[in-house]
Structure formats: structure tokens, C-alpha cells
Number of protein chains: 2
Amino acid sequence: MTESKENSTSQRILKTAAELFASKGYDALSMRDIASACDIKAPSLYNHFKDKQALYQATLKFVFKQQSQALVCCLESDLPPKQKLNEFIEIAGKQMADNFIFRQLFFRILLAQDEEDLKFLANQVLADSCNALHAVFVEINPDCDPHFLTTSLMGLLLFHFQANPLRIYLPAGSEQTQASEYLIEHIQLMLHKQLGD
Amino acid sequence: MTESKENSTSQRILKTAAELFASKGYDALSMRDIASACDIKAPSLYNHFKDKQALYQATLKFVFKQQSQALVCCLESDLPPKQKLNEFIEIAGKQMADNFIFRQLFFRILLAQDEEDLKFLANQVLADSCNALHAVFVEINPDCDPHFLTTSLMGLLLFHFQANPLRIYLPAGSEQTQASEYLIEHIQLMLHKQLGD
DNA sequence: ATTTAACTAACTAACGCTTGTTAGTTTAAC
DNA sequence: GTTAAACTAACAAGCGTTAGTTAGTTAAAT
């Protein structure tokens, strides 16, 4: 019930739940599953979280809050804008490549289309990065559509990495996962060409 | 059990199930939900499909088979390649904009990462379009990476439309859904710039 | 210093409900 | 008269959740 950050059991539950919610989804995952992965029994979860929904929401906050920080930060430097964009894409790309949980939960929110979750994602996770990105885009090219470009960039970053398990079955798709450095570099090039390189 | 295409009840079940699976997902949807939406009782579903999993697979085939046809078709014309690409993007874009079910089920397969479903999507749905697209890309610019471009295009088309409910909560996101014509035009421009316009 | 009280967080047992699915029956069509 | 496809009834399993209990820790009172 406390949900306090300093409680180590709550933290362990959140970390475990994040993994499980990400890979199995809300409905396919039972409280007993989560509890057993934490080496406790299901009713004990209710000492830390009001109900399943509250645990899910807390999990989303837990995963997303720490993530959005690194991105805004690199857009606040005083590098030249083109370089700033490159750095942003590199950092965001690495996050997408490494953080399966983040990517998966992001997609799940997009799929479920729950209004509360969408608002949370937009306001608490994406808003700052979006604003900073908009500024960088218009700085590079005042005639561009920063909103379109931001969505495009998000789509490219998320999709390329999410599609990796699919890609290997596509024609001309090599058996191995495409190197994230290669993808990141090409996405950087793509955005710059789009901005009138 | 028959799953034959000419059976009208089976067809009605598939159409209904497609809507429901798309919007609620596999686990959140019960056989009783599906049945009730078809104005029958749950056990009657088993006269047409072996079990829930089989109904789901049949639904995927039902939704995707008809979709992949239109796309390959427009890539087989003998228009100049740049025009062919434009037409492909326009048709695919309209499908993404209109066909909520297709988009949603596509994303769900990507999320669930079930190997069987990924293979089905790759081989039965995407393979032909991918090959044709590759050809068009190298025809326009022999030095490009057609595989990267194909994935990028898929990502842009899917994501822009899937992100529309999110977009309206983002900073500078207008209250209304972005016009699909506008999105399609910008994606066309983007691809052409990428190919060295 | 010892006892008492209160709180935290784990447990077991269980409730009411929903799930996918089967069995057995009925009804209508060829 | 066989068959296809609907039905009712029901099963076993699993679900989220609550109640009640217990053990361990902390704080105040004696």
C-alpha cells in the first residue's frame, strides 16, 4: 500500500513486474505469476499495491521515469544543432536497442489505447524530449514540420528495433540481428537528408 | 471444425473475431465475448474452429490475406519506378489509415513475438511486397540499402497512424487526427529524398 | 530493563467469478 | 436417416481479491 521508493521489496516487485508485463502483457499475466517470480505469495503483493491495475501503473512510472531523463539532458547541451540531433538519435537508439522492457511497454500503451496511459506517456515521458527536439529541428531548418519529423523519428527508432525478430524471416534478411550501430547511423543520415542536409 | 471459406457463419465469426482480437487482444478476449458478438453461444464456436488458438490463427489469415494482394499488384505495373513507389506508399498509407484491424493485429504480432506468427507475417503477408519494393528501390538508386528502406517505410506507415491517438496529447499536437493525405505526402517526400531525389 | 502496544509484511484458506472446453441433446436441411 | 450446427449444462482450472493469522520489528509505558 505504501509504494514508497525506499522500500526494497516494492522495488523488487516493480522490477520483476516490469519484465513480465513487458513480455506477456497485462491480461496474460496473473498476480500469482508476478508473486511467484518474486518468491512470495500473491496476497503479499497487496501489502504494497492496492490492486493489479495500481501495480501496472506503478510499473509504467517505474520504467518510464528513469528513461526520459537521459534524453532531455543531451538536448540541453550547447552543441551545434546538427550534432545535438546526432547525439540524441544515438542515445535514444541505444536505449531502444538495449531496453526491451521500455520498447515493449511503449508499444503496449499504443495498442491498448487507454486514454489515461496515453496521456501519461505524452505528458510525463515524451513532452520534454518532444519540445527540445522541435527546437532543434527548426533550428536546423526553419521550414520543416517539426511535429511530423518527431513522430517519424520515434517511429523509426521504435520500429527498427521492434521489427528485428520479424526482419530475420523477411527476404534478404540475414539470420542475425542487424547491428544497432548500423541502424542508428542510417537513421541519423535519414533525418539529416530530410532536413536538407 | 470445417473452417471452409464459403460457410457464411464461419465468415461472420472471423469478421467479428477480427474486430475483437484487434481491439482487445488475445488474452483479454473470451470465447464467450466472441460468441455473444456473433449472437450465438460459446460452444457453437467449436463447430467451426478447433479451439481458441485455431480461431485466432484463422482470423489472422482472414485479415492479412486479402490485404497483401492490393499492394503487390500496384508494384507489378510498368510505371516508372519513382511513380510506382509513390503509388505504393499511397495505397499502403490508405490501408493503414483505414484498416484499424490490420494495423492493430500487425502490432500485436510484433509484440507477442510468437515465432509461428512472425514467420506467417513475413512469408505469407510481407514477402512479396518486400521483394517488389526492393526491386523498385535499387532501380531508383542502386547504391541504397533496400532492406533498411523497406523496414523504414513499414515503420513510418504503421507508426504515424498508430500514434495518432497519442499525438493529440503531445505538445503542438492539434486536437484532431492528422489528415492521412498529409502524412502520406510527407512520407513519399521522405523516401524520395532518402533515395537521392 | 521489561513489558506492552502497534505496525509491517509475510503467510494460508477461501470466496465468487470467469475461463476454455466437453458431453449430450435438439432442431432443421438434404 | 444422416449430418451440420445450434443449444443447455457442467467441469476443472485459474482468476483477482479478501479475511484472518502469524512472526518480526519498533516505540512507548511501566
Side-chain angles (χ1 to χ4, degrees), chain A residues 1-62 105 108-109 111-112 114 116-117, chain B residues 1-62 105 108-109 111-112 114 116-117:
Chain A
M1 189 88 84
T2 68
E3 296 186 32
S4 68
K5 306 272 166 146
E6 58 275 2
N7 187 314
S8 83
T9 303
S10 296
Q11 290 285 106
R12 204 177 79 246
I13 293 172
L14 286 174
K15 208 179 154 192
T16 308
E19 264 181 69
L20 295 174
F21 276 129
S23 57
K24 303 188 63 177
Y26 184 85
D27 295 294
L29 184 63
S30 76
M31 294 297 269
R32 287 171 176 83
D33 289 338
I34 302 171
S36 125
C38 298
D39 284 315
I40 58 176
K41 304 293 175 183
S44 301
L45 292 174
Y46 290 82
N47 289 324
H48 303 273
F49 303 95
K50 178 174 155 287
D51 55 20
K52 190 185 181 184
Q53 190 62 41
L55 171 53
Y56 179 65
Q57 304 288 348
T59 302
L60 291 186
K61 277 184 193 161
F62 175 75
L105 289 178
R108 289 200 186 278
I109 291 177
L111 260 173
D114 176 87
E116 290 292 313
D117 291 346
Chain B
M1 188 85 85
T2 68
E3 296 186 34
S4 69
K5 306 270 169 151
E6 59 274 4
N7 186 314
S8 83
T9 303
S10 296
Q11 290 285 105
R12 205 177 78 246
I13 293 172
L14 286 174
K15 209 180 155 193
T16 309
E19 264 181 69
L20 295 174
F21 276 129
S23 57
K24 305 187 61 175
Y26 184 84
D27 295 294
L29 184 63
S30 75
M31 295 297 271
R32 285 170 177 83
D33 289 338
I34 301 171
S36 127
C38 298
D39 283 315
I40 57 177
K41 305 293 175 184
S44 301
L45 293 173
Y46 292 82
N47 289 324
H48 302 273
F49 303 94
K50 177 174 155 286
D51 55 20
K52 190 185 182 185
Q53 191 61 40
L55 170 55
Y56 180 65
Q57 304 289 347
T59 302
L60 292 186
K61 276 184 193 160
F62 174 76
L105 290 178
R108 288 199 188 278
I109 292 178
L111 260 174
D114 176 88
E116 289 293 312
D117 291 346

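Chain letters run A, B, ... following the sequence lines, proteins first and then strands; every chain starts at 1.
Nearest heavy atom pair, residue A:Phe49 against residue A:Ser10, reads CZ-O, 4.2 Å. In terms of heavy atoms, A:Ile34 sits closest to A:Ala17 at CG2-CB, 4.2 Å.
The phosphate of C:dA9 (OP1 or OP2) has no side-chain N or O of A:Thr9 nearer than 4.0 angstrom. Contact annotation: B:His48 does not reach the phosphate of D:dA4 (side-chain N/O to OP1 or OP2, under 4.0 Å). At the phosphate of C:dC11, OP1 or OP2 sits under 4.0 Å from a side-chain N or O atom of A:Ser44.
Counting to the nearest Å, the C1' atom of D:dA6 and the CG atom of B:Asp39 are 13 Å from each other. A straight line from NZ of A:Lys41 to C1' of C:dA9 spans 15 Å, rounded to a whole angstrom. The distance from atom CZ of B:Arg12 to atom C1' of D:dA5 is 12 Å, rounded to the nearest whole Å.
In this structure, B:Tyr26 and B:Phe21 have parallel ring planes: the angle between them is below the 30° cut-off, well short of the 60° mark.
Comparing atom distances between the A:Ile40 side chain and each of C:dA10, D:dA6, C:dG20 picks out C:dA10 as nearest.
Within residues 20-27 of chain B, no residue has any heavy atom under 4.0 Å from DNA chain C. Listed in residue order, the members of residues 30-37 of chain A having a heavy atom less than 4.0 Å from DNA chain D are A:Ser30, A:Met31, A:Arg32.
A search for side-chain contact (heavy atoms from CB on, under 4.5 Å) contacts involving A:Glu116 returns A:Asp114, not counting sequence neighbours. In terms of the side-chain contact (heavy atoms from CB on, under 4.5 Å) criterion, residue partners of B:Ser30 (sequence neighbours excluded) are, by chain and number, B:Arg32, B:Asp33. Scanning for side-chain contact (heavy atoms from CB on, under 4.5 Å) contacts around A:Ala112 gives an empty result, with sequence neighbours left out.
Residue contacts shown for B:Leu29 are limited to sugar-phosphate atoms, with no base heavy atom under 4.0 Å away.
You'll find the side chain of A:Tyr56 reaches within 4.5 Å of the side chain of A:Asp117, heavy atoms only. For the pair B:Met31 and B:Tyr46, the minimum side-chain heavy-atom distance is below 4.5 Å. Side-chain atoms of A:Leu60 and A:Ile109, non-hydrogen and from C-beta on, do get closer than 4.5 Å to each other.
A side-chain hydrogen bond (donor to acceptor under 3.5 Å, both in side chains) check over residues 14-24 of chain B, counting only residues at least two apart or in different chains, returns nothing.
Remark: the B:Asn47 side chain and the D:dA6 base include a donor-acceptor N/O pair separated by less than 3.5 Å.
Axis orientation changes by 10° from one end of the helix from C:dA1-D:dT30 to C:dC30-D:dG1 to the other, with each end axis drawn from 5 pairs and the value rounded to 10°.
Atoms CG and NZ, on B:Leu29 and B:Lys52 in that order, are 6.0 Å from each other to the nearest 0.5 Å. A distance of 9.5 Å separates CG in A:Asp51 from CD in A:Gln57, rounded to the nearest 0.5 Å. The CD1 atom of B:Ile13 lies 5.0 Å from the CG atom of B:Leu45; values are rounded to the nearest 0.5 Å.
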- Task: For each nucleotide in nucleotides 22-30 of chain C, reading 5' to 3', give B when a protein heavy atom comes within less than 4.0 Å of its base, S when such contact involves only the sugar-phosphate, and - otherwise.
- Result: B--------
- Task: Determine, step by step, whether A:Ile40 and A:Arg12 satisfy the side-chain contact (heavy atoms from CB on, under 4.5 Å) criterion, reporting the C-alpha distance in whole Å, the side-chain angles of both residues, the deciding distance to 0.1 Å, and the verdict.
- Result: CA-CA 11 Å; A:Ile40 58 176; A:Arg12 204 177 79 246; 4.1 Å; yes
